[in-house]
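So the structure is just underneath, and the comments pick up after that.
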Protein chains: 2
Amino acid sequence: MAALADPTRRAILDRLRDGPRAVGDLAAGLPVSRPAVSQHLRVLCDAGLLAVTPEGNRRLYALVPGGISDLRYYLDGLWDDALDAFARAARAEGTRKPDPKPQKE
Amino acid sequence: MAALADPTRRAILDRLRDGPRAVGDLAAGLPVSRPAVSQHLRVLCDAGLLAVTPEGNRRLYALVPGGISDLRYYLDGLWDDALDAFARAARAEGTRKPDPKPQKE
DNA sequence: CATCTGCGTTAGTCATGTCTTACCGTAAGC
DNA sequence: GCTTACGGTAAGACATGACTAACGCAGATG
């Protein structure tokens, strides 16, 4: 979760949406140096969000859907509990009001 | 997004899953002081994840589903693109056909 | 009206994390 | 076999952020 905090790492993930890319290719489109990109890639790999594929002399980094799935699950539960707490608070606030049942999308 | 990076803020969100709570109540169950909790609450409110309801002398903080929805949407798009890129990479690997230019560079 | 509780704010200190420069190992090309 | 391109690593400077202590303000209570 902390891996998504840095905007540079978010930019790296955005660059990887189209497919795997090499380190130099990523660093060319980012305002930071290549070692910084390597460090961010290490963090993202350690978080399980990225996978590396050595392709000859280069190293191709790609998104790993499994790592994102975990975060989605966490936010899903938080969203569900937030809706539940919101409905309960609204019900407690006005007893005369009808039961506000929010739809979960 | 950066608001979810700090573990203390995540703990605050977890405490708020059951419903709105006051600052002192939150700080009592956390290993940090009350002012720190106030600062984290300010950050979370600024991020749109929390809403405050002055209840007499106290201030009740509650989860706002809308703020979580935005993060869910972002992760949803990232998940979708990751799956797409993964399927494309698997197809390129399996068919072993000489792709002319799969990358969009 | 006086006092107490609860909360937000500020200033200051300290830890964490990010970026850069320099260096080394490894794979391709002549 | 030598040179070049590519990428990871280490050390250091720097900025950002989190935490505590002290203070001030508003609402409730007697």
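Naming: A, B, ... by sequence-line order, numbering from 1 per chain. Just so you know, these numbers use all the heavy atoms, side chains as well, and skip hydrogens, waters and symmetry mates.
Here the CD atom belonging to A:Q39 is positioned 8.0 Å from the OG atom belonging to A:S33, to the nearest 0.5 angstrom. Summarising the geometry, atom CE belonging to B:M1 is positioned 5.0 Å from atom CG belonging to A:L4; distances are rounded to the nearest 0.5 Å. Summarising the geometry, atom CG belonging to A:L26 is positioned 6.0 Å from atom CG belonging to A:L41; distances are rounded to the nearest 0.5 Å. To the nearest 0.5 Å, the span separating CG on B:L49 from CG on B:L44 amounts to 6.0 Å.
A:T8 has a side-chain polar atom (N or O) that falls below the 4.0 Å cut-off from OP1 or OP2 of C:dC19. Regarding contacts with the backbone of C:dG17, every side-chain N or O of A:H40 stays at 4.0 angstrom or more from both OP1 and OP2. The side chain of A:S38 contributes no N or O atom lying less than 4.0 Å from OP1 or OP2 of D:dT9. OP1 or OP2 of D:dT20 lies within a sub-4.0 Å distance of a side-chain N or O belonging to B:S33.
When every heavy atom of B:I68 is checked against every heavy atom of A:L75, the shortest pair comes out as CG2-O, 3.9 Å.
The side chain of B:R42 lies closest to C:dT9 when the candidates are C:dT20, D:dT20, C:dT9. In the set D:dA21, C:dT20, D:dC19, D:dC19 carries the atom at the smallest distance from any side-chain atom of B:Q39. Side-chain proximity of A:V23 to the nucleotides D:dG7, C:dC19, D:dA21 is greatest for D:dG7.
Rounded to whole Å, atom C1' of C:dC19 lies 12 Å from atom CZ of A:R9. When rounded to the nearest whole Å, the span between CG of A:L4 and C1' of C:dG17 equals 16 Å. Atom CG in B:L41 sits about 7 Å away from atom P in C:dG8, given to the nearest Å. One can place CG of B:D46 at 11 Å from P of C:dT9, the figure rounded to the nearest angstrom. Distance CG (A:D6) to C1' (C:dT16): 13 Å, rounded to an integer number of Å. Rounded to an integer number of Å, the gap from B:I12 CD1 to C:dC7 P is 13 Å.
Using a 4.0 Å cut-off on heavy atoms, the residues of residues 48-62 of chain A that approach DNA chain D are A:N57, A:R58, A:R59, A:Y61, listed by number.
Within the nucleic acid shown, A:R34 comes within 4.0 Å of at least one base atom, counting heavy atoms only.
Electrostatic pairing of B:R88 and B:D84 counts as a salt bridge here, judged by a charged N lying under 4.0 Å from a carboxylate O.
In this structure, B:R15 forms no cation-pi arrangement with B:Y61, as its terminal cationic atom is not both closer than 6.0 Å to the ring centre and no more than 45° off the ring axis.
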